[in-house]
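Structure first, commentary second.
In listed order, ligands and their atoms are each counted from 1.
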Amino acid sequence: MRHLMSPLDFTVEELDRLLDLANDIEKNPEKYAHACGGKILATLFYEPSTRTRLSFESAMLRLGGQVLGFSNAASSSAAKGESVSDTIRMISCYADICAMRHNKEGAPMVASRVSGIPVINAGDGGHQHPTQTLTDLLTIRSLKGRLNHLTIGLCGDLKFGRTVHSLINALVRYDHISFVFISPEELRIPDYIREDVLDARGVPYKEVERLEDVMGGLDILYMTRVQRERFFNEEDYVRLKDFYILDKKKMKLAGPDMLVLHPLPRVNEISVEVDSDPRAAYFRQVQYGVYVRMALILTLLEVEV
Ligand code: CP
């Protein structure tokens, strides 16, 4: 039985096969419409979500399976003090596969150790968000035609942003990748990513504060939200929340083929006037999230179509 805790749980070859499967699902959805008949997905969300939970549920329903779960820890027995380990033991009796989001780093990993069913990390604190990374990889490969020879700018909260941490971990395995990290001093990429992931592999990167200075050299601009829920005090959040606002004026500095991605939700960091720019790919990214989660469910349940 396999779980998904980090994008590194799949080899590059396995990831290629998963993305190929997602592309086939996109082209031939009817072929997969009953693939998970009789199977149940549990969504255990201890932290708020719109996209991840609903795209998992949409994915299972589109595969002919069924879903159950909770969207709020307060409405589960976690509110009475039940541990994640005990909860997953119960859920293993009710479902065939589970997606778990938790505010504590490592909670899905703890669950996977005692689980009788595959556990998917749907985001754990400021640590990892592997299915967002699968979504990002599928979006980049589908729209750019490659996952190598790319300069990727990551902008915003690079310190607490789990989507950023997972994406860097995944992309360093491809050839000729370089990064531009765009953040205020307080939200710089953590040292463990800089040292253990980038320096260890000799991946080139630079760190800057001004988005305007680097727009022209990027293939991908990955915007992120400054996350109120990760700050220890409101004052710091208010000071940093509008540090970056991508607008039409800044988009004029970018190349004609640069793509703007964002895991969403956005607050103010991308002005709505950018939505109609053909380079804005963040809503297409959401659609790819359903296909890739369908492919992931099939892969972890070892369903062949
Ligand atoms: N991208 C993402 O994880 O969105 P949600 O928090 O709405 O699931």
**Message:** Within the structure provided, determine whether His3 and Arg113 are in side-chain contact (heavy-atom separation under 4.5 Å).
**Reply:** no
**Asked** What pairs of residues pass the salt bridge (Lys or Arg N to Asp or Glu O under 4.0 Å) test when at least one of them lies in residues 36-50, not counting sequence neighbours?
**Response** Glu47-Arg162, Glu47-Arg230
**Prompt:** Is any NZ, NE, NH1 or NH2 atom of the basic residue among Arg17 and Glu13 found under 4.0 Å from an Asp or Glu carboxylate oxygen of the other?
**Reply:** no
**Asked** Is it true that Arg146 and Asp175 have a side-chain N and a carboxylate O under 4.0 angstrom from each other?
**Response** no
**Request:** Indicate yes or no: does Asp213 engage Lys206 in a salt bridge with an N to O separation below 4.0 Å.
**Result:** no
**Message:** As a test of reading the model: which residues have a non-hydrogen atom less than 4.0 Å away from ligand 1?
**Reply:** Ser49, Thr50, Arg51, Thr52, Arg101, His129, Gln132, Pro263, Leu264
**Request:** Kindly confirm or rule out a cation-pi arrangement of Arg101 over Phe45, judged by NZ or CZ under 6.0 Å from the six-membered ring centre and within 45° of its axis?
**Result:** no
